[in-house]
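Just so it is clear: chains get the letters A, B, ... in the order the sequence lines come, proteins before strands, and each one is counted from 1. Small disclaimer: the values here were computed from a predicted structure and weren't measured.
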There are 2 protein chains.
Amino acid sequence: MASSTAPPAKIIDGKAIAQEIRDELAKEVQSLSRSHNEIPGLAMVIVGSRKDSRTYISLKKKACEEVGMRSFIVALAEDVSLADVVASIRELNADPDVHGILVQLPLPKHIDEEKVLSEISIEKDVDGFHPLNFGKLAMKGREPLFHPCTPQGFLELLSRSGISIKGKHAVVVGRSNIVGLPVSLLLLKADATVTIVHSHTRDPDRIIREADIIVAAAGQANMIKGDWIKPGAAVIDVGNNFVDDPSRTSGYRIVGDVDFQEASKVAGWLTLVPGGVGPMTFTMLLKNTLDAAKNKVLQ
Amino acid sequence: MASSTAPPAKIIDGKAIAQEIRDELAKEVQSLSRSHNEIPGLAMVIVGSRKDSRTYISLKKKACEEVGMRSFIVALAEDVSLADVVASIRELNADPDVHGILVQLPLPKHIDEEKVLSEISIEKDVDGFHPLNFGKLAMKGREPLFHPCTPQGFLELLSRSGISIKGKHAVVVGRSNIVGLPVSLLLLKADATVTIVHSHTRDPDRIIREADIIVAAAGQANMIKGDWIKPGAAVIDVGNNFVDDPSRTSGYRIVGDVDFQEASKVAGWLTLVPGGVGPMTFTMLLKNTLDAAKNKVLQ
């Protein structure tokens with residue numbers, strides 16, 4: 001049917017792309033196990049009983065099983081001492097069956113997050129949050145052992161959707177250590193012109209409207225409207241916001257930082273939320289753990 | 001005299017500001033020497049006989065002397081082995097009179113720069129180039145032991161010239177590990193909206209014209225013209241380009257990345273070249289060495 005309006009955005013289905021990658025990973029896990037008798041193992045440290053943290057851990061455990069990896073859960077009580085958390089990490093550092101170590105964040109307030117994360121052996125830092133890995137990610141001509149999972153998943157989404165980066169103007173909304181900042185640094189390394197927008201930015205809409213690639217990682221439900229988007233832009237929504245929805249039995253639904261309905265009429269590409277970047281993050285965690293196991297046997 | 005044109009830019013004299021800071025440092029060096037009998041010492045490792053490197057080293061030595069610090073020069077032959085460079089660094093790491101270690105770059109091609117720099121003890125990395133320092137500089141909520149000298153000097157210039165950063169749109173031209181990238185990261189930490197422009201950027205002039213603060217660190221003589229600058233913007237020129245000038249006995253003169261004559265009619269603030277950011281860089285090296293000595297006695 002002919003139409004005078006722009007064609008609707010191509011929807012990027014992160015779940016489907018993640019499944020494609022997990023199938024590839026499963027084959028690699030099998031082959032590593034056959035060739036070197038080494039099965040990649042991911043250890044997850046969880047402190048306390050936050051419901052969301054427990055959900056994430058069990059999803060990650062399931063994802064490990066699906067690709068044939070081992071997982072180890074170390075559950076510590078809410079009132080555990082810093083010394084005991086550190087002792088657990090050191091034990092995992094020394095365990096030859098553990099190739100990757102993940103500490104589920106946030107930690108209880110009395111535990112020094114920086115101290116805990118810096119205890120993880122650099123060879124097992126599959127989350128890529130060690131400052132040494134982060135420094136190498138930032139610096140030109142250096143490569144970290146592991147890239148943080150969400151930014152790496154984001155790059156994979158772009159590349160498997162055929163979206164080029166070089167010479168494009170990318171605007172990243174948000175500057176967290178986990179998403180906004182490393183995504184910006186990776187886009188810069190891939191030769192995009194990069195602008196980082198955040199809570200102190202004046203006229204964010206005007207700046208975002210310049211972007212060929214928009215990365216929304218502000219944690220503000222539906223913040224980015226249709227008229228903030230340049231027609232044809234690639235819009236990657238990393239938002240994961242819970243909003244009340246009495247029509248659902250759960251009482252809530254998850255929406256992104258981008259107004260999906262409006263954006264779908266303007267953008268060239270648009271990710272699903274949920275089902276966009278989220279599944280890619282878990283998948284990259286599996287990939288990093290596999291890489292850690294490969295690094296070990298190749299040493 | 002009344003005039004219909006904009007007032008000329010305030011000229012930022014880095015040499016004068018640097019002298020002001022060096023006077024402060026000299027007093028602190030004296031006081032540390034009196035209170036703890038500790039005299040800050042900077043060791044400089046130079047490989048080969050590049051003329052520019054030798055000039056930099058002798059200027060840095062002179063700057064040390066002026067504020068009452070010690071300096072130690074380790075000059076190695078052009079054909080030195082990597083192992084011998086590393087051995088020199090380790091000796092300096094262990095020397096209690098040495099608080100800061102600087103390796104003059106570039107190194108000869110056969111010497112692995114990354115390997116050499118990563119040997120410098122993190123407590124003596126006064127250049128701030130160790131990836132661990134760099135990672136902490138980049139990450140929100142982390143602080144490196146030392147900030148790289150040029151970016152830190154740049155921030156001091158802004159602050160001592162009364163130029164605020166928060167909420168401003170800063171455009172950084174260039175993305176080197178030494179200037180562009182760390183300057184961008186520090187501006188972001190100071191709550192500027194940051195755009196990083198580089199050789200792959202389309203329409204750099206259009207993007208630069210949006211900036212409240214322009215940092216020119218591209219290494220392209222007179223690249224930024226007057227009409228690339230928003231009236232009233234602060235223009236910090238980190239360029240240091242040698243251009244032929246037969247009218248001088250040296251045969252050359254040094255110009256920045258900004259067309260000074262044109263910019264001075266449009267910008268709100270403008271740094272001198274030479275005599276802008278350059279003297280601040282040396283000064284921050286002295287400050288980092290003093291800080292390293294203070295960190296040692298306060299341990």
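Contact annotation for A192(A): only backbone heavy atoms (N, CA, C, O) come within less than 4.5 Å of a heavy atom of chain B. Only the side chain of L181(B) comes within contact range of chain A, judged by heavy atoms closer than 4.5 Å. Proximity to chain A (any heavy atom under 4.5 Å) is restricted, for N177(B), to the side chain, taken from C-beta onward. In this structure, the portion of I207(B) lying under 4.5 Å from any heavy atom of chain A is its side chain and not its backbone.
In terms of heavy-atom pairs under 4.5 angstrom with chain A, the leader among K168(B), E210(B), E113(B), K140(B) is K140(B). Options R202(B), K136(B), E114(B) differ in how many heavy-atom pairs under 4.5 Å they form with chain A, and the most are formed by E114(B). The residue among G167(B), G141(B), A138(B) with the most heavy atom pairs within less than 4.5 Å of chain A is G167(B).
Here the shortest heavy-atom pairing between F129(A) and M139(B) reads O-CE, 3.4 Å.
Here the side chains of R175(B) and L185(A) are not in contact, with every heavy-atom distance at 4.5 Å or above.
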Can you check side-chain contact (heavy atoms from CB on, under 4.5 Å) on T201(B) and H169(A), steps first, answer last?
CA-CA 8 Å; T201(B) 298; H169(A) 190 171; over 6 Å; no
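Atoms OG1 and NE2, from T193(A) and H200(B) in turn, are 9.5 Å apart once rounded to the nearest 0.5 Å.
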